[in-house]
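Please read all numbers here as calculations on a predicted model, not as lab measurements. Starting from 1, each residue takes its place in the sequence as its number.
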Amino acid sequence: MESLQTEIAATAARLVVEEGLEYGPAKRRAVKQLRLPQRTALPANDAVEDAVREYIDIFCGDTQPAELAALRRLAVTWMERLVPFRPYLAGAVWHGTATRLSDVYIQLFCDDSKSAEIALIDHGVDYTPRTVSGFHGESVEALSLSSMSQELGEPVGVHLLVYDHDDLRGALKPDAKGRTPRGDLAAVRALLEEDEHE
């Protein structure tokens, strides 16, 4: 059973890195590709993340660090624009597993949920409103847009997830691995400085 989970995680990791899939869809596609029954138990996201790190180390070690830094710089640009809404970077760009195919996920903690959307309208930003699953599995409003990365030479998906200001209280608790699940502007800048020194 465990080796099957490992195989699903490894296949999903390849799909995450090579096709830019999110973990959920990657795990489901991995089950299909491996011709397993639809109800096969899926590996945890932590197992997929470990497999993604392993895949990147083996196949993308020469390109991924620069791509990650470019995505983090793009995230900083948007976080600076959105400072009044308490932006936090999350997902693969925050955790360091992003490649050029990854999207940027920024969580906003607003006093008024419509204020971020109004700010985008005021600045003439073209976006698509959607509803996505939040960090507790609840429905959250997301404002999705495309932003050109000069460094990567292509547009990158940027998703602004709009939370209530009160949600920030529980948002910084460490995850199962003891890591902070998201970082503010100062934390992302610190990561970029670390990357430059390596």
Under the side-chain contact (heavy atoms from CB on, under 4.5 Å) rule, what do Q64 and R53 come out as? Steps first, then yes or no, please.
CA-CA 11 Å; Q64 190 265 351; R53 288 186 190 284; over 6 Å; no

Heavy-atom closest pair, residues [X] and [Y]:
| X | Y | result |
| --- | --- | --- |
| A30 | A12 | CB-N, 3.7 Å |
| G183 | V188 | O-CG2, 3.9 Å |
| H159 | S144 | ND1-OG, 2.7 Å |
| C110 | V162 | SG-CG1, 4.0 Å |
| W78 | S147 | NE1-OG, 2.9 Å |
| P87 | I106 | CB-CG2, 3.8 Å |

Checking L152 against E67 for the side-chain contact (heavy atoms from CB on, under 4.5 Å) test, could you report, in this order, the C-alpha distance in whole Å, the side-chain angles of both residues, the deciding distance, and whether it holds?
CA-CA 7 Å; L152 297 175; E67 293 172 2; 4.1 Å; yes

Any chance you could measure [X], atom [atom1], to [Y], atom [atom2], to the nearest 0.5 Å?
| X | Y | atom1 | atom2 | value |
| --- | --- | --- | --- | --- |
| H95 | T180 | NE2 | OG1 | 9.0 Å |
| D126 | L143 | CG | CG | 12.0 Å |
| E138 | S133 | CD | OG | 8.0 Å |
| L71 | D103 | CG | CG | 9.0 Å |
| D164 | R169 | CG | CZ | 9.0 Å |
| T97 | D50 | OG1 | CG | 10.5 Å |

Should the pair [X]-[Y] be classified as a salt bridge under the 4.0 Å nitrogen-to-oxygen rule?
| X | Y | answer |
| --- | --- | --- |
| R189 | E80 | yes |
| R86 | D167 | no |
| R72 | E151 | no |

Show your reasoning for whether salt bridge (charged side-chain N to carboxylate O under 4.0 Å, His left out) applies to E19 and R14.
CA-CA 8 Å; E19 297 184 28; R14 183 177 50 77; 5.1 Å; no

Contacts of Y55 meeting ring pair (Phe, Tyr, Trp, His ring centres under 6.0 Å) (sequence neighbours excluded), chain-then-number -> F59

Assess the residue pair L161 and V132 against the criterion (side-chain contact (heavy atoms from CB on, under 4.5 Å)); give the C-alpha distance rounded to whole Å, side-chain angles, the decisive distance to 0.1 Å, and a yes or no.
CA-CA 8 Å; L161 281 65; V132 298; 3.9 Å; yes

With side chain to side chain donor-acceptor pair (under 3.5 Å) as the criterion, how do E22 and Y105 come out once you've worked through the C-alpha distance, each side chain's angles and the decisive distance to 0.1 Å?
CA-CA 12 Å; E22 296 298 323; Y105 289 87; 3.0 Å; yes

Close side-chain approach of [X] to [Y], heavy-atom, < 4.5 Å:
| X | Y | value |
| --- | --- | --- |
| V31 | I8 | yes |
| F135 | V140 | no |
| Q33 | L15 | yes |
| E54 | I56 | no |
| K27 | N45 | yes |
| I121 | V125 | no |
| T128 | L145 | no |
| L120 | L160 | yes |

Cluster check [X], [Y]: I/L/V/M/F/W/Y, side chain < 4.5 angstrom:
| X | Y | value |
| --- | --- | --- |
| V17 | V48 | yes |
| V158 | L185 | yes |
| V93 | L74 | yes |
| Y163 | L172 | yes |
| L36 | L42 | yes |

Do the ring centers of Y88 and F109 come within less than 6.0 Å of each other?
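Centroid distance Y88-F109: below 6.0 Å, so yes.
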
Take T77 and R73 through the test side-chain contact (heavy atoms from CB on, under 4.5 Å) and record every step on the way to the result.
CA-CA 6 Å; T77 299; R73 279 190 278 275; 5.7 Å; no

Could you walk me through whether E117 and Y127 pass the side chain to side chain donor-acceptor pair (under 3.5 Å) check?
CA-CA 9 Å; E117 195 168 354; Y127 67 91; 2.7 Å; yes

